[in-house]
Novice: 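Okay, handing you the structure first.
In what follows, residues are counted from 1 in the order of the sequence shown. Counting convention: from 1, in listed order, for ligands and their atoms alike.
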Amino acid sequence: MTPNPSIPRLLTCDVLYTGMGGAQSPGAVVVVGKTIAATGSLDDLRASYPHAAEESVGGIIAPPPVNAHTHLDMSAYDFCALPYFRWIPEVVVGQRERRGVLGALAGADALARLNVGGVGDIVFAAPVMEALLAREDLSGVLYIEAFAPRPEQADEVFGRLREQITGWRKLQRPDGPRLGISPHTPFTVSHRLMKRLADYAAGEGLPLQIHVAEHPSELELFQTGAGPLWANRLQALNPDTFAEVIGRVPEPGLTPVRYLDELGVLEARPTLIHMVNVTPDDIARVARAGCAVVTCPRSNHHLECGVFDWPAFAAAGVEIALGTDSVASGESLDVRQEVEFARQLYPRLDPRMLVRAAVKGGHRVVGTRTPFIRRGEAWHDWYIWG
Ligand SMILES: [Zn+2]
């Protein structure tokens with residue numbers, strides 16, 4: 001039934017986040033015609049609009065969430081949940097012919113259909129970067145990925161990347177996505193390249209994203225220089241030892257976060273992805289440096305990497321955003337589903353925090369503006385998350 005446009009509609013929901021301040025639960029929005037007349041707590045709006053027609057929309061009213069970490073060029077992959085050390089060879093490598101421009105464009109189309117608020121996308125190859133930079137319906141950051149564990153590769157890889165960035169700057173559009181850099185992880189990028197990229201990004205004002213502490217074996221690698229990450233992944237990339245990659249001897253108490261901090265990389269304020277397997281000291285270092293963190297709860301669950309300690313990061317005042325990672329591990333590009341999953345995963349966490357992180361945290365990470373749901377603005381049905 002089409003609502004009568006002269007009667008105000010009072011839309012009620014479990015969580016209302018307007019883009020400003022904290023979220024409300026339960027919340028409500030008054031809509032007259034196609035315009036927002038008021039937002040606030042359900043009781044207040046019931047009292048102010050006694051003649052409004054009340055409609056329960058269920059879950060959440062908020063601006064569309066931001067997908068702060070994904071790999072759009074893997075959007076043609078099949079989803080597959082497998083333990084991390086099987087998922088990389090069987091899925092990432094196994095389906096690698098599906099990686100590229102076609103997948104990236106299909107992923108960008110999917111984000112547009114979801115009215116995504118913005119994206120933080122890791123780009124693996126130059127043709128994908130060029131295809132996505134041309135998308136005016138995409139906002140956020142496209143991070144070109146660097147992957148080179150041996151220090152002697154650093155100069156060549158850095159030089160090539162700097163040249164590419166200089167060329168791509170001419171392709172950036174005022175309303176389109178911006179360029180960024182993603183040194184893949186602290187163990188697949190040598191200390192020399194990591195430091196050069198961080199210094200370059202800081203000097204040029206380019207945002208950074210780094211995958212950090214995704215799997216528990218990452219800690220073991222930094223503490224012993226050995227373990228499954230060395231044996232199953234790094235050894236095949238031919239560094240002599242892990243000490244050569246990080247430019248120091250692994251030791252008890254060393255973690256990937258402490259390593260990045262002591263290398264001076266956190267000063268460039270990279271956004272840190274995953275951060276599942278961390279110590280209290282790591283969280284304190286990240287908070288001190290002012291780095292934001294992106295969590296990908298479904299991907300971490302599907303690859304059996306552990307659970308991000310959301311309450312500890314929130315208590316330390318770290319900005320948290322949500323991402324899906326690729327569809328191959330996250331299952332879809334819809335951050336609304338990520339929030340639903342997180343609500344099951346963190347039953348004691350206030351759902352208002354999760355929604356705010358998915359919207360505001362995401363916009364902060366990718367440097368875009370959070371739209372406001374407020375009096376006088378147009379109402380859009382996509383504000384209802386369902
Ligand atoms: Zn990722």
Novice: For the residue pair Arg99 and Phe124, would you count it as a cation-pi contact if the rule is NZ or CZ under 6.0 angstrom from the ring centre and within 45 degrees of the ring axis?
Specialist: yes
Novice: Please determine whether residues Val366 and Ile122 belong to a single hydrophobic cluster, defined as Ile, Leu, Val, Met, Phe, Trp and Tyr linked transitively by side-chain heavy-atom distances below 4.5 Å.
Specialist: yes
Novice: Report yes if the distance between the aromatic ring centroids of Phe85 and His215 is under 6.0 Å, otherwise no.
Specialist: yes
Novice: Mind counting the protein N, O or S atoms sitting less than 2.8 Å from the Zn ion (ligand 1)?
Specialist: 4
Novice: So for atom CG, which belongs to Asp78, do other residues, nucleotides or ligands contribute more than 12 heavy atoms lying within a distance under 6.0 Å?
Specialist: yes
Novice: Side chains of Arg298 and Ser332: any donor to acceptor distance under 3.5 Å?
Specialist: yes
Novice: Looking at CD1 of Ile273 and OH of Tyr143, how far apart are the two atoms once the value is rounded to the nearest 0.5 Å?
Specialist: 7.0 Å
